[in-house]
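Okay, so here's the structure we're looking at.
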Amino acid sequence: MYRYDEFDSALVQDRIAEFRDQVARRVSGALTEDQFKPLRLMNGVYLQLHAYMLRVAVPYGVMRSAQMRKLAHIARTYDKGYGHFTTRTNIQFNWPALTDIPTILEDLAMVEMHAIQTSGNCIRNVTTDVFAGAADDEIEDPRPWCEILRQWSTIHPEFSFLPRKFKIAVIASETDRAAIRTHDVGLQIVQGADGQTAFRVFVGGGQGRLPHIAKEIASAVPGREILAYLTAILRAYNLLGRRDNIHKARIKILVEAIGIEAFREEVERHHAELRLEDLILPTDELERIRASFAPPPFETLTRHSGAFDRAVLAEPEFARWTRNNVRRHKVAGYASAIISLKPVDGVPGDITAAQMEAVANLAERFGFDEVRAAYEQNLVLPHVRLDELPTIWRALDAAGLATANADLATDIIACPGLDYCSLANARSIPVAQALSRRLADLDHQERIGPVRINMSGCINACGHHHVGHIGILGVDRKGEEFYQITVGGSPDEKAALGEIVGRSLSADETPLAIERALNRYLDIRTDGERFIDTVRRVGASPFREAIYAPLDA
Amino acid sequence: MKLITANRLSDGRVIYVGADDGAVDAMLQAASFDEDQADAALGRAAARPDVFVNPYLVEVRGQTPSGRDRLKETIRATGPTVGHSLDAR
């Protein structure tokens, strides 16, 4: 895992000292809120409904146990004993006092964490495949490239005042587990003609009020030129992107307005100049960073584990958890384990301080000291031995973290909604909870199979409702909460926006309507067809009918 | 009638303008203003940025939010309706 060098440490410490001074001046009255707001946003501090909210960066979702323990300490000391993992693989604290935040940032710096670029119109935390370095279908580990992008983009003056925020995701396999086409820039590692790393580049994706699926702009940018190419994209956006209307300022609007061909020409014009400058990645630096992500010392094991097989036979609930939450690993005898943060009736993405410590202990003891945050608001132990999965599962179960629902109907992605967020129009969490109670039976969920349900409390779409197989959007109608349902969205390599199926429903009607849509799928699916496959085959109409027929009767 | 609400500068918690223009934590303790007085009282709160961050008016009937944002203001007044913060109160 990457460790800070002296530049990283100095940069973070300088920023904390600067922010401590800014907070002191705000509290003394020397700075007004209007003056202070852009400064606090550059340090991940929002003012939400009930309190300040601190968003802490988890670069490309990778954490060590010491970092997880520090997050637990912060939750317990400065907050109300819990944190919330987001769809950008960051963690948010909902209740810190402004006057405590400089000290919290010092605590974070002790474990090489910070809150820089978690808000504001800059390049945000880069995300990647949660199974990076473990998946058996990746061309190479994408994390070194994420780290290179982090170093390149951090407090880069040219990218500190973009027209709007800018999100990048990186994958290294054909299967997209990081939703790259919903990002401002999506990068897919491919093999170049010379056998070296190259990048297939997508641009102009994004959700929110005007959702777009990213378009391919380049098929194979050589790895050593990727910073020059990305700088060319950012430069074209910085120069041409709109700044007069916040709703039309994202790069997706620019790409849509001038067309991908014209935008590509702009980018290539900048790239032709930039590739001759010092933005070509030095080979020794690339190798230095790659070395930080060298595989852990895996043992030579066989593909089968007697301890694992015996536990599967002896404990049905363990067997269920392995069916649903354990993923294949590239190294024989190992697996990746998904820790669901979606218990029945829980708050998607929430985790208590005690649970953070339980996860830290497991990562340290069984997982090469590594834990990942997934954009689906779950955690992952990327490298664990099959032999040790029964012990891990028992520890997770004791901590309330063994819900066997990864990628199933109750693995709901949901934003905090109107319970916390000052932008929200409607609550998300209670609807997600009602749905999770309704669909709690795991036998039934397994019959339904993988389905992604996403819930946002407003059109800003932090819950990614546009690309949920079933999406739920909270809307305000004359002061009442209503929920609009979409069907057929998809965040993966076949990315698509969902289709709105009809009028919005009340909070009480919504879970029943979703259940009817899932039951319709069970009625009409063919053998082996997942929910999204059926929607792609038959379209949204049967689901529309299932949702509305009883209401219209 | 109207109340004036804001977030407290030091910790961001929801506060209201109470009697004598002081800051109070509970909506029930908030002072009510009629249309004629509300803007002037809002101005006085805005003039104290060391306490009141982003003060604004809330429509109420009695001491209960009644305007279009009534749900949001009720949640601000009483806290999240779900989740771990309920246990921490």
Side-chain angles (χ1 to χ4, degrees), chain A residues 23 26-37 45-53 75 78-84 94-101 345-348 350-353 416-422 424-434 476-481, chain B residues 2-17 23-28 30 42-62 64-89:
Chain A
V23 169
R26 174 72 184 108
V27 172
S28 77
L31 290 176
T32 66
E33 181 59 17
D34 286 347
Q35 291 167 324
F36 182 62
K37 184 177 175 184
V45 182
Y46 289 73
L47 184 52
Q48 294 286 26
L49 283 190
H50 310 287
Y52 292 98
M53 183 269 278
Y78 305 102
D79 207 272
K80 295 194 177 189
Y82 69 100
H84 173 79
N94 288 309
W95 304 94
L98 177 63
T99 44
D100 283 337
I101 290 177
D345 208 25
V347 177
D350 269 18
I351 181 169
T352 66
L418 190 57
D419 279 297
Y420 291 94
C421 179
S422 57
N425 293 320
R427 285 174 290 172
S428 302
I429 300 167
V431 176
Q433 288 174 318
D476 170 286
R477 285 204 333 223
K478 297 180 181 167
E480 302 288 337
E481 296 169 297
Chain B
K2 293 189 170 166
L3 310 179
I4 297 166
T5 186
N7 291 83
R8 185 161 50 213
L9 173 61
S10 60
D11 60 6
R13 295 299 196 270
V14 175
I15 51 174
Y16 300 88
V17 171
V24 296
D25 293 344
M27 185 177 258
L28 282 174
L42 178 62
R44 292 195 299 278
R48 294 180 55 198
D50 56 326
V51 179
F52 297 99
V53 182
N54 302 333
Y56 60 91
L57 300 169
V58 178
E59 272 179 61
V60 289
R61 194 168 296 132
T64 306
S66 61
R68 189 187 167 109
D69 284 339
R70 58 191 179 275
L71 177 61
K72 177 178 179 177
E73 289 307 324
T74 302
I75 291 172
R76 284 183 79 247
T78 55
T81 60
V82 290
H84 289 102
S85 66
L86 296 180
D87 308 330
R89 277 181 200 163

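Lettering follows sequence order; numbering is per chain, from 1. FYI, side chains are in, hydrogens and waters are out, and symmetry mates aren't considered; it's all heavy atoms of this structure.
Here the straight-line distance linking atom CD1 of Ile75(B) with atom CG of Leu49(A) works out to 7.5 Å at 0.5 Å rounding. Between the CG atom in Asp79(A) and the NE2 atom in His84(B) there is a gap of 11.5 Å [rounded to 0.5 Å]. Going from atom OH of Tyr52(A) over to atom CZ of Arg8(B) covers 10.5 Å, rounded to the nearest 0.5 Å. Here the CD atom belonging to Gln48(A) is positioned 11.5 Å from the CZ atom belonging to Arg76(B), to the nearest 0.5 angstrom.
In this structure, chain B has a heavy atom under 4.5 Å from the backbone of Pro96(A), while its side chain stays farther away. Thr99(A) touches chain B through backbone and side chain together, each having a heavy atom under 4.5 Å away. Contacts between Arg26(A) and chain B at a heavy-atom distance below 4.5 Å involve backbone atoms as well as side-chain atoms. With a 4.5 angstrom heavy-atom cutoff, Asn7(B) touches chain A only via side-chain atoms.
Residues Glu480(A) and Arg68(B) are not in side-chain contact: their nearest non-hydrogen atoms beyond the backbone lie 4.5 Å or more apart. The closest side-chain heavy-atom distance from His50(A) to Pro80(B) is below 4.5 Å.
The interface of residues 52-61 of chain B with chain A, defined by heavy-atom distances below 4.5 Å, comprises Val53(B), Asn54(B).
Listed options Asn94(A), Asn425(A), Leu47(A) were ranked by heavy-atom pairs under 4.5 angstrom with chain B; first place goes to Leu47(A). Top candidate by heavy-atom pairs under 4.5 Å with chain B, chosen from Asp350(A), Thr352(A), Ile101(A), is Asp350(A).
Applying the side chain to side chain contact (heavy atoms under 4.5 Å, CB included) criterion to Val82(B), with sequence neighbours excluded, gives Asp419(A), Ile429(A), Pro430(A), Gln433(A).
When all heavy atoms of Ser85(B) and Lys80(A) are compared, the pair lying nearest together is CB-CD, 4.1 Å.
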I would like to know whether Leu9(B) and Leu98(A) meet side chain to side chain contact (heavy atoms under 4.5 Å, CB included); could you show each step before the answer? CA-CA 8 Å; Leu9(B) 173 61; Leu98(A) 177 63; 4.3 Å; yes
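The pair Lys72(B)-Asp476(A) fails the salt-bridge criterion, with no side-chain N (NZ, NE, NH1 or NH2) lying under 4.0 Å from an Asp/Glu carboxylate O.
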